[in-house]
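A note on names: the letters A, B, ... follow the listed sequences, proteins ahead of strands, and every chain is numbered from 1. The analysis underlying the following values was restricted to heavy atoms, covering all of them including side chains, and did not include hydrogens, waters or symmetry mates.
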Amino acid sequence: MTFLQATCLLVVAVLGTLVVATRDPLRQAAVTGIFGLGLAALFLAVEAPDVALSQIVVGAIVVPVLVLLAMAKIREHDE
Amino acid sequence: MSLLAYVVAVWLFVVGIYGVVTSRHLVHLVMCLSVAQASTYVLLLGIGYRKGGQAPIFGDIPSSTPVVDPVVQALTLTDVVVGATVSALLLALAVQAHKRFGSVDPDELNALRG
Amino acid sequence: MTRRARSFVALAALGVLGAVLVVAVTGLEPFGHYPGPYGDVLAKVVPDERHTGQLVAATVFDYRGFDTLGEEMILFAAVCGCAALLRVLRSEREEDEGAPARPVPSFAARAMSAALVGPVMVLGAYVVAHGHLTPGGGFSGGVVVAGALLLAYAGGQGLRLRRVGSITMLEGTEALGAAGFLALALAGLIATGALLKNFLALGTSGMLLSAGTIPVGNVAVGLEVAGAVALVFSEFLEQALLEDPE
């Protein structure tokens, strides 16, 4: 296992823990975006460019936008 | 050291499930579930990796170079996109639950109301 | 059970589960020693049989095309569920006739978004079309195309139209993609007697029109994923932009 792969794995583990530990959904959306980026770097380090492309695109476009829209709808009802 | 990839996958899974169990907000729950899903990606790709292997695309490398396993990459590739859509479905459920019951705390959504 | 008690029980149970799983993964081959035959068989066989170098695309759309058919149906069902859950009820729609109260984006945001929508769509189409030559393919390219529609919303177009795109058109695109992949599978059945068999001309490796049904499958999946993701965005936006009826 190369040093790069080991580093990416540890970074992904730490970021995953941070995603769960962040309780506020809005902040968690940002941390999830960074977690997706870390995952994409890991996928590239393991020689999987297709999967890395899909992860970048999904983690940057789909997940944060949907979480923000859901939170907008939920908070609107709270006010 | 050779077990690090698998142990990280197990750790992500356990951490994700812990987040789901102790969550206090439905949207937080959905994102913890996506962390648990990511653990399966890490495990799959870890199994398919070959030391010294290249990416399984013979665009500009000769066909005889050793490559990593393309089957697990195919599985993970479709799973990433479809998993995000299922998360969208769960977020839609959370939005509707908030609209109907006024709360997104899973502990308060425990009565079966008609 | 109180929250604290649940937390402790979860920690204990997950600790046991984690330990059991770690013991289980020690039985796997060490990282880097890939043993299994399928990857090697594919590497040897695919460039000759399918005239393409993209093993992953060949696996997704040809050798394991049946799994992709199932995933397409999962995507379709999930989006149907989203659409059903987020439909605007008539009572909500009647109270929502006023102008939106959201601020208009700045000129820079509008200019950049307007300038980038076209190139991003072309980029998405490029990724979809070259799925059998380079990394990418229908799944990634479809999401990029949906991202272009989201860019149009971010640029302020959605504020006037109250949604990302005409919902009927998006539903039509998604259905066309799903039906297209199904039609491809059935056409393989009709043409050669085996579902999803690669029955088109194979061409020369490296050209855009090669590898038989793989680029066609890419386009079908790209259409479906783009329609699905854009539809989900549209539904969420329509809900989020509704004025609160209370």
Between A5(B), G83(B), G46(B), P70(B), the one whose heavy-atom pairs under 4.5 Å with chain A are most numerous =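 Option with the top pair count is A5(B).
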
ask   = If you tally heavy-atom pairs under 4.5 Å against chain A, which of V68(B), T76(B), L4(B), T78(B) wins?
value =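 Option with the greatest count: L4(B).
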
Heavy-atom proximity to chain B below 4.5 Å, by part of [X]:
X: T32(A); answer: side chain
X: A6(A); answer: both
X: V58(A); answer: side chain
X: L39(A); answer: side chain
X: V62(A); answer: side chain
X: V31(A); answer: neither
X: L42(A); answer: side chain

What pair of heavy atoms forms the shortest contact from [X] to [Y], and how long is it?
X: L12(B); Y: A13(A); result: CD2-CA, 4.4 Å
X: V51(A); Y: V80(B); result: CG1-CG2, 4.5 Å
X: P25(A); Y: M31(B); result: O-CE, 3.8 Å

request  = Any chance you could measure Q96(B), atom CD, to K73(A), atom NZ, to the nearest 0.5 Å?
outcome  =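 Going from CD on Q96(B) over to NZ on K73(A), the span is 8.5 Å.
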
Value rounded to 0.5 Å, distance of NZ in K51(B) from OG1 in T2(A) =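 If we round to the nearest 0.5 Å, K51(B):NZ and T2(A):OG1 are 9.5 Å apart.
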
message = For V12(A) and Y41(B): C-alpha separation, side-chain torsions, deciding distance, then whether side chain to side chain contact (heavy atoms under 4.5 Å, CB included) applies.
response = CA-CA 12 Å; V12(A) 162; Y41(B) 310 151; over 6 Å; no

Is there side-chain contact between [X] and [Y], with at least one heavy-atom pair below 4.5 Å?
X: I57(B); Y: P49(A); value: yes
X: T22(B); Y: R23(A); value: yes
X: V42(B); Y: L9(A); value: yes

request  = Would you mind checking which part of V15(B) comes under 4.5 Å of any heavy atom in chain A, side chain (CB onward), backbone (N, CA, C, O), both or neither?
outcome  =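 Both parts, heavy atoms under 4.5 Å.
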
query = Heavy-atom distance under 4.5 Å to chain A: side chain of V8(B), backbone, both or neither?
reply =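 Side chain only.
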
ask   = Take atom CZ in F13(B); do more than 12 heavy atoms of anything else shown fall under 6.0 Å from it?
value =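 12 or below, so no.
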
key: Check: V20(A) main-chain N/O paired with H28(B) side-chain donor or acceptor under 3.5 Å   =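 The answer is yes, because a donor-acceptor pair under 3.5 Å joins these two groups.
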
request  = Give a yes or no on whether the backbone of R50(B) and the side-chain of E47(A) come within a donor-acceptor separation of less than 3.5 Å.
outcome  =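 Pair absent, no side-chain N/O of E47(A) close to backbone of R50(B).
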
query = Do Y49(B) and Q5(A) have side-chain N/O donor and acceptor atoms under 3.5 Å apart?
reply =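 Distance-only check passes for Y49(B) and Q5(A).
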
